[in-house]
Amino acid sequence: MKYQRENFGGNYEFRCLWHDQFLVDPHLHEYSEFLYVKSGVAEVFVNGKPYRIPEKHLLFIPPNFVHGYTCRDTRVLCAVFSNDLIPLVLKEMGNRRLIPTPVEVSALSGLIESLAETDRKNAVFLCGCLHMIGDQVIRQSTFESSQASDGLLYQKVISYLSAHYTENITLKGVAQRFGYNEKYLSHTLHELTGINFRSLLSLYRIDRAKALLNDPNGSMADIAYQSGFSAVNTFNRTFKSFTGLTPSQYRDHKV
């Protein structure tokens, strides 16, 4: 699983593309996203659960939800956008956790389909369109409150990991920081992602290491430490276990 850093920290960013075969491994990011199905049926996985999205329906993906797509023989439009384009939608959701729901949007199909051709710099127009879509998402979706089940747990922890993965952090420390039982936090993360805390942390660090390995002059020790590993041996072992290559082999392959 990958944390997409290109979908992080921007202002009024919007990307929208059509796809006929859309196969995307599980990933997450800070931005919001929706998948609109023009024809066929799209298969989507969100936080480990499968969803089937029929024609003229849309699935909204809130920030920091793990999601992946298996869209064969379909025509889909995927839009990813920074959250400052939908401030009123997020305000309306508040602290409630959205339960992903296929939303019927046939009345908005023309507007949605036109977004692929919209000027990405026209933030006012995009903001209006996305709020119309968000209104339908809110009207047709159900939510759970953080009091009923702490649905914000995952987003809080993932956001923290994405900002601090290069530091010496542990499951126990993260659990204490957010006031959760360590075993409960471990179980919940595994239920949502299919991997344990240590592996999740390693994924962030390896992704960072891959970027640093693009520099042919960077030493392995520096790359290991900048990626959050405490020792080069640990870095080499972990990197190979996840990629099948040693860091040196990965760098040579990239070159």
Residue pair Val89 / Gly134: nearest heavy atoms and the distance that separates them: CG2-CA, 3.9 Å
Aromatic ring pairing Tyr250/Phe239, orientation class (parallel under 30°, perpendicular over 60°, tilted between): perpendicular
Glu117 atom CD, neighbour heavy-atom count above 12 within 6.0 Å: no
Ser202 side chain vs Arg198 backbone, donor-acceptor pair below 3.5 Å: yes
Cluster check Tyr36, Leu17: I/L/V/M/F/W/Y, side chain < 4.5 angstrom: no
Pair Phe178 + Tyr160: ring centers closer than 6.0 Å: yes
Single-linkage hydrophobic cluster Trp18~Leu111, side-chain heavy atoms < 4.5 angstrom: yes
Side-chain donor/acceptor of His187 to backbone N/O of Lys183, under 3.5 Å: no
Distance in Å, Cys129 SG paired with Phe81 CZ, rounded so as to fall on 0.5 Å steps: 11.0 Å
Linked, directly or transitively: Phe65 and Val24 (ILVMFWY side chains, under 4.5 Å): yes
Reported CD-to-OG1 distance for the pair Glu113 and Thr118, which is rounded to 0.5 angstrom: 12.0 Å
Check: Ser106 main-chain N/O paired with Glu104 side-chain donor or acceptor under 3.5 Å: yes
Contact check, side chains of Val174 and Phe197, non-hydrogen atoms, under 4.5 Å: yes
Heavy-atom donor-acceptor pair, Ser227 side chain to Phe229 backbone, under 3.5 Å: no
Spacing of Ser32 atom OG and Leu90 atom CG [to the nearest 0.5 Å]: 5.5 Å
In one Ile/Leu/Val/Met/Phe/Trp/Tyr side-chain cluster, 4.5 Å: Leu245, Phe235: yes
Single-linkage hydrophobic cluster, 4.5 Å side-chain cutoff, Leu201 and Tyr225 together: no
CG-NZ distance between Leu77 and Lys38, expressed to the nearest 0.5 angstrom: 9.5 Å
Stepwise side chain to side chain contact (heavy atoms under 4.5 Å, CB included) check, Phe60 with Ile133: CA-CA 9 Å; Phe60 177 77; Ile133 296 169; over 6 Å; no
Side-chain (Arg251) to main-chain (Asp215) donor-acceptor, under 3.5 angstrom: yes
Under 3.5 Å donor-acceptor, Ser82 side chain and Tyr12 backbone: yes
Side-chain donor or acceptor of Thr101 paired with backbone N/O of Ile99 under 3.5 Å: yes
Closest approach of Ile169 to His164 (non-hydrogen atoms, all atoms of both residues): CD1-O, 3.7 Å
Leu88 backbone acceptor or donor facing His131 side chain under 3.5 Å: yes
Plane angle bin for His29 and His67 - parallel if under 30°, tilted between 30 and 60°, otherwise perpendicular: perpendicular
Phe242, CZ: over 12 other non-hydrogen atoms inside 6.0 angstrom: yes
Carboxylate-amine/guanidinium contact Glu92 Arg139, below 4.0 Å: no
Test item: Glu43 side-chain N/O and Arg52 main-chain N/O as donor-acceptor pair under 3.5 Å: no
Over 12 non-hydrogen atoms of neighbours within 6.0 angstrom of CG in Asn168: no
Short side-chain to backbone donor-acceptor contact, Asn83 and Glu30, under 3.5 Å: yes
